[in-house]
Every structure is written in structure tokens, then in C-alpha cells.
Amino acid sequence: MQETALFTLPDTNIQVLAPPAELDFFDRQSVQLASPVTPLAAWGAITGRPSRLLKFAFRIRDGISALFGVKKIGGFSSSARDGVAVGEKLDFFLVEHVAHDVLTLSERDTHLDVLTCISTQENTLTITSSVITHNTFGRVYMLPVAPAHKWIVRSNLRRIQKEYA
């Protein structure tokens, strides 16, 4: 499995796997919050009380992927964290970068590389996901995952927006 260097989008603190034109999937969604939140607190809000939709999506993902020998990820553990460091795991994600305004998480395997960047700028919270596929399974996997992912992120951002209203 080849490691991919991180790329920072121009004029932002957002990290992705490569320039957007070189990605197989790119999604960036933002919400305005009434008060600032740290990227780790936003992560905790999403994973601490995952929606039924997210739990269901993980079950489907694990069930189908297991048929093709892909390891199960099981979803989120709901365990709160006060801090993280590069190289630690947050559930199935590896912490690649952490700063006061950025939390960058990856999951890499033989089929695809996924990078999720949770970033803040004043009261704006942004979740950016980038994917590079490595083979046919990775490309086919992303066909249903891409639209579902966008919908799930949008739903989670709305929920966080209500919590920090």
C-alpha cells in the first residue's frame, strides 16, 4: 500500500489526499455555528451519539465489504477524548494531523485511501473528505458510498449546528 502525501487546499487549513482534480471523490461541507467548536469536539459530537442512519450505514458497509475480504470497521465507539496525537487511532481512523483548528484522519487499505479533515475557522465548521481508489473494488465501493457519505455528513453538520446554536 502506497502512502500518499497530504495536500492543503489553497487559502485554507483543509487537508486532502491530492489536488481535487486528482481525487476519485471530494466532498467539502460547512456550517456556521453560534459559537466556535474545536475539531475534536465536533468529532466527539458526531461519534459520541451517532445517528441511527450512520449505525445502519456501517452495518451495511461491513456486511457487503466482508463478502470481499475487507475488514469490518464496526462504526464508532462513542468514547470521548480530551486530546489526540498524530499516530493515535480514533476508532478505525489514524490521526494524521492535529492542531487547534484541524483534525485530519485517514483510513488506507489496498482498495482505497480515505482522508477526512475536520477544520474550523472562527465559527465555521467544515468537514472535507477525499478518496483515492486503487482498484476496481475501490471504485465500485464508492458508487453507493459517495452519495450516502454526502448525505450523512450533511445530516451530522445540521445536528452539530443545532447543538451549538
Side-chain angles (χ1 to χ4, degrees), residues 1-9 12-18 23 25-31 33 36-63 65-66 70-121 124-134 138 141-142 145-146 148-164:
M1 171 173 46
Q2 179 181 346
E3 289 291 319
T4 310
L6 301 183
F7 176 82
T8 302
L9 295 178
T12 73
N13 58 355
I14 298 169
Q15 296 179 318
V16 292
L17 289 166
L23 298 168
F25 175 77
F26 174 77
D27 181 53
R28 178 171 59 181
Q29 298 184 50
S30 300
V31 291
L33 304 175
V37 62
T38 66
L40 186 58
W43 172 261
I46 293 168
T47 62
R49 292 179 313 283
S51 68
R52 287 187 304 221
L53 172 65
L54 191 56
K55 290 178 184 179
F56 180 68
F58 277 124
R59 280 196 304 274
I60 290 173
R61 180 255 179 234
D62 284 350
S65 295
V70 176
K71 70 180 175 179
K72 292 183 178 187
I73 55 178
F76 299 122
S77 66
S78 303
S79 59
R81 300 284 296 265
D82 292 329
V84 293
V86 171
E88 291 182 348
K89 288 279 199 166
L90 281 175
D91 296 309
F92 52 88
F93 281 110
L94 175 68
V95 176
E96 295 239 0
H97 178 79
V98 63
H100 73 282
D101 60 346
V102 178
L103 177 61
T104 306
L105 308 168
S106 70
E107 173 61 24
R108 302 171 192 257
D109 65 27
T110 57
H111 305 294
L112 47 77
D113 292 347
V114 176
L115 193 74
T116 297
C117 180
I118 303 169
S119 59
T120 58
Q121 209 166 29
T124 302
L125 171 65
T126 302
I127 298 178
T128 306
S129 300
S130 56
V131 176
I132 294 176
T133 59
H134 302 303
Y141 172 86
M142 287 305 297
V145 168
H149 181 277
K150 289 179 181 184
W151 194 57
I152 290 167
V153 168
R154 189 175 310 115
S155 171
N156 282 318
L157 285 172
R158 278 193 221 121
R159 190 164 49 97
I160 291 171
Q161 191 174 36
K162 287 177 186 173
E163 287 181 28
Y164 287 87

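Arg108 places a side-chain heavy atom less than 4.5 Å from the side chain of Leu17. Leu90 places a side-chain heavy atom less than 4.5 Å from the side chain of Leu105. For the pair Ile127/Gln29, no side-chain contact is recorded, criterion being any heavy-atom separation below 4.5 Å from C-beta on. The shortest side-chain heavy-atom distance between Leu33 and Thr124 does not fall under the 4.5 Å cut-off. Residues Thr126 and Gln121 form no side-chain contact, since every pair of their non-hydrogen atoms from C-beta on lies 4.5 Å or further apart.
With sequence neighbours excluded, no residue forms a ring pair (Phe, Tyr, Trp, His ring centres under 6.0 Å) with Phe56. For Phe93, the ring pair (Phe, Tyr, Trp, His ring centres under 6.0 Å) partners at least two apart in sequence or on another chain are Trp43. With sequence neighbours excluded, the residues that form a ring pair (Phe, Tyr, Trp, His ring centres under 6.0 Å) with Phe58 are Phe76, Phe92.
The two residues Asp27 and Phe25 have their closest heavy-atom pair at CB-CZ, 3.6 Å. Of all heavy-atom pairs spanning Cys117 and Ile14, the tightest one is SG-CA, 3.9 Å. Considering every non-hydrogen atom in both Arg61 and Lys71, the closest pair reads NH1-O, 3.0 Å. Contact between Leu115 and Gln15 at its shortest, heavy atoms only, is CD2-O, 3.7 Å. The minimum heavy-atom distance linking Pro39 with Ser119 is given by the pair CG-CA, 4.5 Å. Nearest heavy-atom pair across Thr128 and Val16 is CG2-CG1, 3.8 Å.
Atom CG of Leu103 sits about 8.5 Å away from atom OG1 of Thr38, to the nearest 0.5 Å. Interatomic distance, CG of Leu23 versus OG1 of Thr133, reported as 10.0 Å (0.5 Å rounding). Here the straight-line distance linking atom CG of Leu112 with atom CE of Met142 works out to 7.0 Å at 0.5 Å rounding. Rounded to the nearest 0.5 Å, atoms CG (Asp101) and CD1 (Ile118) are 12.5 Å apart. Atoms OG1 and CD1, from Thr116 and Ile46 in turn, are 9.5 Å apart once rounded to the nearest 0.5 Å.
Side-chain atoms of Thr12 come within 3.5 Å of backbone N or O of Leu9 as a donor-acceptor pair. Formation of a donor-acceptor pair under 3.5 Å by the Ser155 side chain with backbone atoms of Trp151 is not found in this model.
Counted by atom type alone, Thr104 and Glu96 present zero donor-acceptor pairs between their side chains at under 3.5 Å. Side-chain contact annotation: His134 with Asp113, donor-acceptor N/O pair under 3.5 Å present. For the residue pair His149 / Ser129, a side-chain donor-acceptor distance below 3.5 Å is found, with atom types taken as modelled.
Shown here is Lys72, whose NZ atom has no more than 12 heavy atoms of other residues, nucleotides or ligands within 6.0 Å.
With salt bridges taken as basic N to acidic carboxylate O contacts below 4.0 Å, none links Arg158 and Glu163.
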